[in-house]
Amino acid sequence: MKRARSDIDRLLSDLRRDLRPLGRRARRRALDEVRDHLLSAVADEAASGPSVQEREQRAVRLFGDAETVARLLRDARPKHRRTVAPALVGAIAAIGFLALPAGPVSEELAPRDAAAASIPAQPNAVAARPCAASWNSSANALWHSYAKRLGSRRAYVGVAYSGTASKSGKLTTTRRACVVKLWLAHRPGHWQYAVNVAGPLLKGGVSYGTRAFPASAKTPLHVHQRTTIQFANSRVRADGTLDYIGTSIPSQAD
Amino acid sequence: MQPHVRLRELCEMLASPTFASWGMVGNMHPEALRGHIDTMVLAALRSRPAHGYALVGELAAGSDGVFELGEGTVYPALHRLERAGLVESSWVKHAGRRRRIYALTGAGEKALGDRDRDWRLFARGMNALLEGST
């Protein structure tokens with residue numbers, strides 16, 4: 001018969017998940033130490049009579065909550081700089097897209113090269129500040145906890161545009177939404193996740209640009225985002241919410 | 001003064017209403033406490049090398065249970081101190097599992113001496129102020 005998961009198993013499993021940003025070696029070290037700690041505590045209590053289950057519960061309670069310990073452990077060590085598995089990035093992008101409010105979305109249009117990046121300032125541009133506020137809303141609690149788990153301390157906040165192009169190349173915005181990119185390394189230019197958050201949304205009515213973008217262009221949202229001038233730095237607080245800083249960053253740092 | 005007495009003093013101060021009034025219930029905010037935890041861990045390692053679980057016991061005994069902290073928070077402190085070169089560690093086998101033993105380094109002993117001196121200076125100044133204000 002399969003053994004039921006004990007309190008210790010659960011705590012170790014939570015820690016394993018929360019310590020993922022540390023990398024395999026550091027994570028294994030921490031888990032081995034915690035396991036030894038908890039099993040020592042259970043063994044020490046053996047003489048006093050309570051059942052194994054009670055001893056395990058007590059050991060776990062005294063140890064403290066896995067999330068807090070994991071955060072402190074992450075803070076105590078240098079950030080891990082491994083590349084992000086492409087499949088994971090894809091999954092995040094997909095989840096992020098699903099997190100957007102429902103609306104009439106036409107194909108996504110994005111410039112394909114740097115020359116196409118000169119989109120003029122949008123007349124009704126959504127500033128990055130409301131996007132940071134949007135990230136901090138309770139609707140985005142999922143993303144807070146995600147940022148927290150990653151141990152990310154920096155983020156870019158910006159706005160993603162989608163639209164349709166007429167035959168003459170007129171680009172019409174049909175939708176725009178906030179994008180928050182979590183920065184996983186100390187320096188820019190390294191591993192980031194681009195995620196969409198539910199944010200200010202605009203439907204139709206605003207046209208800008210005269211350049212034709214092929215409808216077949218399938219570029220990730222963050223590439224689209226790079227062309228805008230609305231990226232701003234944000235600090236990710238320990239609870240996963242954003243501290244809006246507002247200093248714009250050059251596109252090459254993207 | 002004996003190390004465990006110093007440790008108890010420190011723990012009592014940290015659990016005092018003054019510190020508890022910084023918005024914490026029962027014990028200090030982890031951020032405010034961080035520097036003190038490191039000192040307490042260094043002090044607990046002064047007498048002999050120890051693993052995390054033993055250290056927690058040492059800290060609890062040293063504070064007479066006055067100072068309650070999630071036991072897990074001792075590990076981040078140990079890792080931080082190791083990164084700073086103040087403690088060093090190695091694995092040993094115990095009851096079929098791996099156990100990490102921590103010991104003070106030379107730099108750790110010096111740092112503890114410095115912190116001890118700072119603490120006495122701080123306590124002397126604080127005592128003088130408090131006695132003067134009553």
Side-chain angles (χ1 to χ4, degrees), chain A residues 7-16 18-19 21-23 25-46 48 55-80 148 151 153 237-239, chain B residues 24-38 40-42 44 49-61 63 65 67-102:
Chain A
D7 287 58
I8 291 180
D9 292 337
R10 264 194 296 276
L11 185 130
L12 290 172
S13 157
D14 288 350
L15 261 183
R16 186 176 293 113
D18 291 344
L19 290 176
L22 281 189
R25 257 182 87 181
R27 186 169 65 236
R28 183 167 175 230
R29 170 184 168 170
L31 288 170
D32 281 355
E33 283 194 279
V34 173
R35 184 180 294 108
D36 178 54
H37 181 111
L38 296 169
L39 294 177
S40 299
V42 170
D44 266 9
E45 293 263 329
S48 56
R55 281 182 270 148
E56 288 195 355
Q57 283 170 354
R58 181 175 150 76
V60 166
R61 193 176 63 247
L62 290 176
F63 187 81
D65 119 83
E67 198 177 330
T68 305
V69 175
R71 178 175 55 79
L72 293 170
L73 279 167
R74 288 196 306 263
D75 289 349
R77 302 187 69 84
K79 293 282 177 290
H80 187 57
K148 200 161 102 181
R153 288 291 171 266
R237 297 191 201 107
D239 64 357
Chain B
M24 276 63 64
V25 181
N27 48 29
M28 281 179 70
H29 190 286
E31 290 305 315
L33 195 54
R34 180 171 293 180
H36 300 301
I37 292 179
D38 290 2
M40 289 162 67
V41 168
L42 288 175
H51 55 90
Y53 180 69
L55 264 180
V56 167
E58 193 104 351
L59 288 169
S63 71
F67 181 54
E68 287 181 14
L69 185 74
E71 293 179 356
T73 55
V74 78
Y75 293 97
L78 285 166
H79 291 195
R80 198 163 49 239
L81 290 167
E82 186 169 26
R83 272 192 69 207
L86 303 183
V87 303
E88 58 193 2
S89 66
S90 55
W91 291 112
V92 295
K93 273 275 180 197
H94 173 81
R97 55 184 190 261
R98 298 205 305 163
R99 168 172 281 179
R100 195 92 178 164
I101 304 287
Y102 292 85

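Per chain, numbering begins at 1; letters A, B, ... match sequence-line order.
- For the set Ser40(A), Gly64(A), Ala59(A), the entry with the most heavy-atom pairs within less than 4.5 Å of chain B is Ser40(A).
- Of the atoms belonging to Leu38(A), not a single heavy atom falls under 4.5 Å from chain B.
- Here the side chains of Ile8(A) and Val42(A) are in contact, with some heavy-atom distance below 4.5 Å.
- For chain B, the nearby parts of Ala41(A) are the backbone and the side chain; heavy atoms of each come within less than 4.5 Å.
- Between Arg71(A) and Glu67(A) there is no salt bridge, since none of the side-chain N atoms of the basic residue sits less than 4.0 Å from a carboxylate O of the acidic one.
- Chain B forms the most heavy-atom pairs under 4.5 Å with one residue out of Val34(A), Leu39(A), Asp65(A), and that residue is Leu39(A).
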- Message: Please evaluate residues Leu78(B) and Leu55(B) with respect to the criterion side chain to side chain contact (heavy atoms under 4.5 Å, CB included), reporting the C-alpha separation (whole Å), side-chain torsions for both, the decisive distance (0.1 Å), and the verdict.
- Response: CA-CA 10 Å; Leu78(B) 285 166; Leu55(B) 264 180; 3.6 Å; yes
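- For the salt bridge (Lys or Arg N to Asp or Glu O under 4.0 Å) test, residues two or more places apart in sequence or in another chain that qualify with Arg97(B) are Asp36(A).
- In this structure Tyr53(B) satisfies the ring pair (Phe, Tyr, Trp, His ring centres under 6.0 Å) test together with His37(A), sequence neighbours excluded.
- Of the residues considered (Arg28(A), Arg61(A), Arg35(A)), Arg28(A) shows the highest number of contacts with chain B, using heavy-atom pairs under 4.5 Å.
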